[in-house]
Amino acid sequence: MSNTAIDLLNAADITDWHSEHDLLVVGFGAAGACAAIESSQAGNSVLVVERGSGIGGTTSLATGHFYLGGGTRVQLANGIEDSADEMFNYLMANTPNPDAEKIRCYADDSVSHFNWLVEQGVPFNDGFYRKKHYEQPTDECLIWSGNEKAWPYSQQAKPAPRGHKVEHPGSGGGAIVMQNLGETAKRLKVKFQFDAQVNGLIKNKAGRIVGLRYKSFGDTYYLRANKAVVIAAGGFSMNQAMVEEHCPQLNAESVWPQGTPYDDGSGIQLGLAAGGQAIHMSQVFLTSPFYPPESLVKGILVNQYGQRFINEDSYHSRSAAACIEQPNGIAYLICDNATFGRPELKLQELIDAWDTVEEMEQALALPTGTLQDTINDYNQYAELGKDPTQHKHADWLQPLNQPPFAALECSFQKSNYTGFTLGGLQVSKDAEVLDHHLQAITGLYAAGACASNIAQDGTGYSSGTCIGEATYFGRRAAKHAHQLTPTLP
Ligand SMILES: Cc1cc2nc3c(=O)[nH]c(=O)nc-3n(C[C@H](O)[C@H](O)[C@H](O)COP(=O)(O)OP(=O)(O)OC[C@H]3O[C@@H](n4cnc5c(N)ncnc54)[C@H](O)[C@@H]3O)c2cc1C
């Protein structure tokens, strides 16, 4: 649990309000930044209460991908045909438990959201990185960042690349995003209270959230919200107890949970204390990219029975989820001399290489003949550019027939996985926190990693969905809150 008790307090009991603001925003990562900017631009006074000594949160650690489409400037510059409908179809097909209303507005508003981000100073160039990679090592913007070209999604929506990375070589673009959003917020006179840990919400007699409590250097303060409070306090990857309760696979020895120490679930706990509920808490983004080199996508993933189980051209967290689901979590990536390369991220060890598939089969203790049958079958169809069992795209089909044959360790317990939580508060499409009867708790909003929207699990994830939805639903929270009747004269 986070290190301070979290409470819901009654406004009538508060005698010493420290200050009053139209909107109070808890946390200044991607979601909080966009809520604060949007609200300030609408003329509201905004105070961000941030636990860190500076801005950024986990967003600052991110690559800086945004999942956006429907014909953005960058897509058009590269001759990519996309539409809001195709983006909607893809996200509906790819998300395990899709909320059509949210996905509809996210897809419909995607181009205008991209333009808004640019107006706020988030830089995207018109470059397009065309190789298969978990993140472009260049500063080019566009990349295929999900399962768009992978079966079965390629059949359900017209594929288009929608991963938009902020202009920055390789990883670390999230810091550029936050630096620019931070400057915009300061220019708009958004106020900041740093080193301030929010540990309580305050409701009035009618049940509306009208303020919050925070602690700073041992002192406690009460702030009054004239319109609303937006919780934008991140996920819970670093709260071992919450992880153990909801998604223990993230606590496994082979997993490196990513985030900042403040990803301790306090945002979710604030919402729960106010009567909200959390959903998809068992779901995580858990991955172990074996590409690049992209030649490895031409290899095959097999389980302890020597059988394939997934199209290897899937987005890396989809194939990782499939590996984890195999009996005993055992999975190997098999390739031949023509397709072998050392995984750049070094998450999978090379087990060994053998002159024949038969020898490999014995060394891996696979049932006799199984791997040989699998490879013979695969090769026979790969020659024809077909993959009738797993439907890997023809671009990645190549017979594995050049010895030596190598096996890379992809088993859950024996290779390295990394990830973060995806569950969060149940919210409406306008980011209102919903209670157990699915009624909005007036005056309370949540966005970003502490809320559950489109990103739900690794099988349906596309890079950029978290920051894309954090920024978008952060703005929707601010817009909706702007229309609320003020609580103060
Ligand atoms: C290494 C890495 C790379 C990633 N890359 C991408 C990517 O490229 N694209 C993508 O879409 N997603 C990516 N993700 C996921 C994504 O970064 C997060 O989901 C997203 O940044 C969350 O944004 P947020 O605004 O909700 O939270 P954060 O950015 O974490 O901001 C939350 C803020 O709230 C503050 N806070 C927390 N508790 C309190 C409290 N009680 N009181 C006051 N303040 C509080 C924190 O200090 C923090 O500043 C990545 C994640 C990791 C770990």
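Atoms within a ligand are numbered from 1 in the order they appear, just like the ligands themselves.
Residue contacts with ligand 1 for Ala196 involve N, CA, C or O but no side-chain atom from C-beta outward (heavy atoms, distance under 4.0 Å). Residue contacts with ligand 1, taken as heavy atom pairs separated by less than 4.0 Å, involve Ser266 solely via side-chain atoms from C-beta onward. With a 4.0 Å heavy-atom cut-off, ligand 1 is reached by the backbone of Ala232 but not by any atom from C-beta on. Contacts between Val49 and ligand 1 below 4.0 angstrom, taking non-hydrogen atoms only, involve the backbone exclusively.
Counting non-hydrogen atoms of neighbouring residues, nucleotides and ligands closer than 6.0 angstrom, the CH2 atom of Trp17 exceeds 12 such neighbours. Residue-environment remark: NZ (Lys191) stays at or below the threshold of 12 foreign heavy atoms within 6.0 Å. Within 6.0 Å of the CD atom in Glu183, the count of heavy atoms belonging to other residues, nucleotides or ligands exceeds 12.
Residue contacts with ligand 1: Gly173 is excluded, as none of its non-hydrogen atoms falls under 4.0 Å. A heavy-atom separation below 4.0 Å is found between Gly64 and ligand 1.
Atom numbering of ligand 1 starts at 1 in the shown order; those under 4.0 Å from a heavy atom of Gly448 are 26 (O). Here is the list of ligand 1 atoms found below 4.0 Å of a heavy atom in Cys466: 10 (C), 11 (O), 12 (N), 15 (C), 16 (C), 19 (O). Taking every heavy atom of Ala30 and a limit of under 4.0 angstrom, the matching atoms of ligand 1 come to 25 (O), 29 (O). Using a 4.0 Å cut-off to heavy atoms of Asp263, the atoms of ligand 1 that qualify are 30 (O). Of all atoms in ligand 1, listed by their number and element, those nearer than 4.0 Å to a heavy atom of Gly56 are 29 (O). Interface of Tyr461 with ligand 1, defined as ligand atoms under 4.0 Å from a residue heavy atom, comprises 10 (C), 11 (O), 12 (N). Near Thr465, with a cut-off below 4.0 Å to any heavy atom, the atoms of ligand 1 are 11 (O). Close approach to Val26 involves these atoms of ligand 1, each under 4.0 Å from a residue heavy atom: 42 (N), 43 (C).
Among protein heavy atoms, atom 28 (P) of ligand 1 sits closest to Thr58 N, 3.5 Å. Annotation: atom 51 (C) of ligand 1 to nearest protein heavy atom, Phe420 CE2, 3.4 Å. For atom 26 (O) of ligand 1, the closest heavy atom belonging to the protein is Ala449 N, 2.7 Å. The protein heavy atom nearest to atom 1 (C) of ligand 1 is Gln258 OE1, 3.5 Å. Of the protein's non-hydrogen atoms, Ala62 CB, 3.5 Å is the one closest to atom 6 (C) of ligand 1. Among all non-hydrogen protein atoms, the one lying nearest atom 10 (C) of ligand 1 is Ile467 CG1, 3.3 Å.
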Q: Determine, step by step, whether Asp82 and Glu148 satisfy the side chain to side chain contact (heavy atoms under 4.5 Å, CB included) criterion, reporting the C-alpha distance in whole Å, the side-chain angles of both residues, the deciding distance to 0.1 Å, and the verdict.
A: CA-CA 12 Å; Asp82 194 13; Glu148 299 86 356; over 6 Å; no

Q: Verify salt bridge (Lys or Arg N to Asp or Glu O under 4.0 Å) between Lys227 and Asp22, making sure each step is shown before the conclusion.
A: CA-CA 5 Å; Lys227 288 189 176 170; Asp22 291 332; 5.3 Å; no

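For atom 9 (N) of ligand 1, the choice among Lys215, His65, Glu469, Glu135 with the nearest heavy atom turns out to be His65. Taking all heavy atoms of Asn199, Asp264, Thr59 into account, the minimum distance to atom 23 (O) of ligand 1 is reached by Thr59. Around atom 36 (N) of ligand 1, the closest heavy atom drawn from Ala233, Ala35, Ala33 belongs to Ala233.
In this structure, Lys479 does not pair ionically with Asp430, as no charged nitrogen and carboxylate oxygen lie closer than 4.0 Å. Using a cut-off of 4.0 Å between Lys/Arg side-chain N and Asp/Glu carboxylate O, Lys165 and Glu140 are scored as not salt-bridged. For Asp219 and Lys215, the salt-bridge test fails: no basic side-chain N is under 4.0 Å from an acidic carboxylate O.
Annotation: cation-pi pair Lys132/Trp144 absent, no NZ/CZ under 6.0 Å from the ring centroid and within 45° of its normal.
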